[in-house]
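Notes to accompany the following structure.
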Amino acid sequence: MLGKLSWSAIPFDQPIPLAAGALVLIVILAVLAWILVKGYMPYLWREWITSVDHKRIGVMYCLLGLVMLIRGFIDAIMMRSQQALAFRAPGYLPPDHFDQIFSAHGTLMIFFVAMPFVIGLMNFAMPLQLGARDVAFPTLNSVSFWLTATGALLINISLVVGEFSRTGWLAYPPLSELTYSPDVGVDYYLWSVQISGIGTLLTGVNLVTTVLKIHAPGMTYMRMPIFCWTTLASNLLIVAAFPVLTATYAMLLLDRYLGFHFFTNTAGGNMMMFMNLIWMWGHPEVYILILPAFGIYSEVVSTFSRKPLFGYRSMVMATMAICIISFMVWLHHFFTMGAGANVNAIFGIASMIIAVPTGVKIFNWLFTMYGGRVVFAVPMMWAIAFMITFTIGGMTGVLLAVPPADFLVHNSLFLVAHFHNVIIGGVLFGVFAGYTYWFPKAFGFRLHEGWGRAAFWFWVIGFYVAWMPGYVLGLEGMTRRLQHYDVAAWHPWLVIAAFGTVIILLGIISQIVQLFVSIKLREELRDVTGDPWNGRSLEWSTASPPPPFNFGVLPNVEGEEPYWGVKQRAIERGELRPEPEYSEIELPRNSPTGFICAFFATFAGFALIWHIWWLVILSCIGAFITFVIFAWRDRSEYIIPVEEVARLDRANRTARAAWLAANVQAAE
């Protein structure tokens with residue numbers, strides 16, 4: 001009846017996962033109880049859970065990323081503390097649990113922290129920058145988010161029901177084959193990633209279509225902000241690369257469930273084909289994450305340097321060059337597999353070439369700052385820290401692109417330090433910059449500057465203390481994923497790294513405090529104009545938070561910095577442009593389709609993991625019926641009356657007129 005599921009699946013003999021799972025369950029129940037007692041459930045269902053508004057969905061993606069960041073960072077603390085204590089000692093984590101922790105940490109941080117965060121920021125800001133009402137497929141957007149949330153939920157269920165994969169974050173065979181991993185850990189991993197990967201692929205189709213087809217009047221491609229270009233490049237990579245991931249894991253699932261032999265050691269299987277396929281997805285994935293961060297830095301550096309972005313067209317060319325070349329470098333992840341000197345040389349050269357367009361971007365950001373009136377707000381501080389940190393990570397990456405050097409440090413902590421140097425210093429610093437930059441646009445008040453600076457310094461200092469020792473340890477020969485060790489020279493460096501993790505923890509705590517303090521002081525931090533940073537692109541031309549329809553009247557774009565030009569002309573005239581002629585606006589209705597599909601996907605995934613076949617069938621039927629009902633809806637849109645459109649837009653115009661009068665008076 002319940003397949004392989006039994007009471008033995010719950011780890012009663014392991015206090016750490018049991019306590020962690022109990023704590024998570026208590027927190028979830030407490031939050032649900034608070035929501036019900038306060039009577040917030042109807043509001044949450046109406047305004048958030050069933051919303052198809054790209055802004056709400058973007059915020060929910062970012063919230064998911066923040067929650068999973070805390071979950072994944074707990075794993076990081078456990079790994080670092082274990083290694084600090086495990087010098088000629090067993091430490092406090094048994095090998096089996098340690099293997100699950102490093103596998104869960106990598107999976108969570110890439111698939112359920114970095115991906116949701118960058119997709120959330122793209123979802124939120126890109127349609128506003130294009131002057132659009134919404135993304136191309138709003139309901140599909142909701143389905144994408146809730147499928148991603150399903151994947152995250154399944155991984156967290158593995159804390160208390162069964163176990164997680166012990167094969168690393170990419171489930172390399174033959175270790176992930178049924179012979180060597182007969183438990184459900186790899187199944188949890190595969191179904192979590194497959195379900196969330198489908199959501200990500202749908203997002204890629206959605207956002208590519210939006211960037212290519214939905215623009216405000218006059219918004220040509222060469223007038224789009226750089227963030228829109230990096231969104232386009234990132235989602236083109238998603239559309240091209242994620243089917244490879246889905247097919248690769250589908251083959252691995254066929255091996256495990258039906259006895260196929262794609263990646264086995266026997267019967268004609270070839271595990272090195274898995275390496276080729278997984279890194280044909282995996283290296284573009286790095287750029288799927290970093291390209292939107294590059295776009296955020298471009299927006300932030302231009303805004304806080306008070307001047308246009310230097311070399312706009314070269315930035316566009318560099319972005320699209322990275323998009324193309326990122327598919328030509330995957331083999332540098334396994335130079336040591338024996339492909340041969342010629343193959344290694346070709347991929348090594350390609351890996352060095354891809355550093356050139358990245359270098360173009362760094363110089364363009366520096367030249368944008370040069371001669372500008374730089375304002376050192378928190379988003380700008382993240383951007384400057386990125387430029388320094390990412391340059392170090394980039395140089396170590398070029399070193400790893402040299403096959404002979406890679407032979408020495410492959411699979412060592414040098415490689416792990418490089419990867420974290422790029423992902424934390426590039427992606428995570430980028431999403432923190434974007435989170436701080438667009439927070440007032442999403443909620444109408446700024447984040448507290450003091451706590452933001454504290455979080456910044458704790459994160460940056462903690463990162464260097466935690467990960468610079470990794471380069472030393474890698475050169476000293478320490479391989480990754482060691483649960484214990486007996487080399488005395490490694491121990492001091494691992495203690496320093498553990499101390500750096502504690503400093504980063506202080507940064508995360510500062511960010512949590514910053515959020516609570518900002519909410520408490522929201523009236524003092526309120527932005528009534530919709531333009532708290534003196535911005536240059538279209539998202540700052542509407543109210544904060546934006547109305548459901550984004551713009552009362554779609555803007556008419558006349559240059560590369562459309563809002564900056566409008567604002568400067570208004571200051572010269574001393575008055576706003578005449579009030580536009582408003583009309584009613586048609587918007588898509590909210591839909592529970594995404595949430596209901598995720599509900600069935602969760603049960604289907606859990607049932608597939610535990611071989612509960614009747615539940616798999618029922619869940620698939622439920623999901624199918626949900627889509628049929630959605631397809632046969634009679635009314636898919638609703639009308640916002642012209643009076644409501646005018647009321648909301650006039651309120652924002654009044655606030656901007658007051659700001660304009662104050663600025664003109666100050667200038668006189």
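All values below come from the heavy atoms of this structure, side chains included, with hydrogens, waters and symmetry mates left out.
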Quick check: closest heavy atoms across [X] and [Y], and the distance to 0.1 Å?
{"X": "Arg373", "Y": "Arg306", "value": "O-CG, 3.5 Å"}
{"X": "Leu121", "Y": "Ile296", "value": "CD1-CD1, 3.6 Å"}
{"X": "Ala350", "Y": "Ile325", "value": "O-CG2, 4.0 Å"}
{"X": "Ala216", "Y": "Pro555", "value": "CB-O, 3.5 Å"}
{"X": "Cys323", "Y": "Ser326", "value": "O-OG, 3.0 Å"}
{"X": "Thr303", "Y": "Gly535", "value": "CG2-CA, 4.2 Å"}

Would you check if the side chain of [X] reaches a backbone N or O of [Y] as a donor-acceptor pair within less than 3.5 Å?
{"X": "Gln194", "Y": "Thr246", "value": "yes"}
{"X": "Asn206", "Y": "Leu140", "value": "no"}
{"X": "Tyr297", "Y": "Gly430", "value": "yes"}
{"X": "Ser302", "Y": "Glu299", "value": "no"}

Side chain proximity check, [X] to [Y], heavy atoms < 4.5 angstrom:
{"X": "Thr319", "Y": "Pro357", "result": "no"}
{"X": "Met320", "Y": "Leu236", "result": "yes"}
{"X": "Met468", "Y": "Phe463", "result": "yes"}

Looking at [X] versus [Y], is the centre-to-centre ring distance below 6.0 Å?
{"X": "Phe294", "Y": "Trp365", "answer": "yes"}
{"X": "Phe124", "Y": "Tyr61", "answer": "no"}
{"X": "Phe111", "Y": "Trp281", "answer": "yes"}
{"X": "Tyr221", "Y": "His215", "answer": "yes"}
{"X": "Trp438", "Y": "Phe443", "answer": "no"}
{"X": "Phe429", "Y": "Trp382", "answer": "yes"}
{"X": "His283", "Y": "Tyr287", "answer": "yes"}

Apply side chain to side chain donor-acceptor pair (under 3.5 Å) to Thr139 and Asn141, showing your working.
-> CA-CA 5 Å; Thr139 304; Asn141 206 14; over 6 Å; no
Describe, in one word, how the ring planes of His333 and Trp279 are oriented to each other, choosing from parallel (under 30°), tilted (30 to 60°) and perpendicular (over 60°).
-> parallel
Please lay out, stage by stage, how Asn421 and Tyr471 fare under the test side chain to side chain donor-acceptor pair (under 3.5 Å).
-> CA-CA 10 Å; Asn421 205 155; Tyr471 291 119; 2.7 Å; yes
Got a second to check how far [X]'s [atom1] is from [Y]'s [atom2], nearest 0.5 Å?
{"X": "Lys441", "Y": "Leu128", "atom1": "NZ", "atom2": "CG", "result": "7.0 Å"}
{"X": "Arg453", "Y": "Phe376", "atom1": "CZ", "atom2": "CZ", "result": "9.5 Å"}
{"X": "Phe386", "Y": "Thr389", "atom1": "CZ", "atom2": "OG1", "result": "9.0 Å"}
{"X": "Trp330", "Y": "Ser351", "atom1": "CH2", "atom2": "OG", "result": "11.0 Å"}

After noting the C-alpha distance and the side-chain angles of Arg536 and Glu561, does the key distance pass the salt bridge (Lys or Arg N to Asp or Glu O under 4.0 Å) rule?
-> CA-CA 6 Å; Arg536 312 178 79 84; Glu561 293 187 307; 2.5 Å; yes
Out of Arg446, Lys567, Arg656, which one pairs with Asp531 under the salt bridge (Lys or Arg N to Asp or Glu O under 4.0 Å) rule?
-> Lys567
Carefully, step by step, assess His54 and Asn550 under the rule side chain to side chain donor-acceptor pair (under 3.5 Å).
-> CA-CA 10 Å; His54 72 94; Asn550 291 348; 3.0 Å; yes
More than 12 heavy atoms from other groups under 6.0 Å of CH2 on Trp457 = no
Over 12 non-hydrogen atoms of neighbours within 6.0 angstrom of CD in Glu581 = no
With salt bridge (Lys or Arg N to Asp or Glu O under 4.0 Å) as the test, would you mind laying out the steps for Glu560 and Arg313 before giving the verdict?
-> CA-CA 11 Å; Glu560 289 180 6; Arg313 282 167 173 74; 2.9 Å; yes
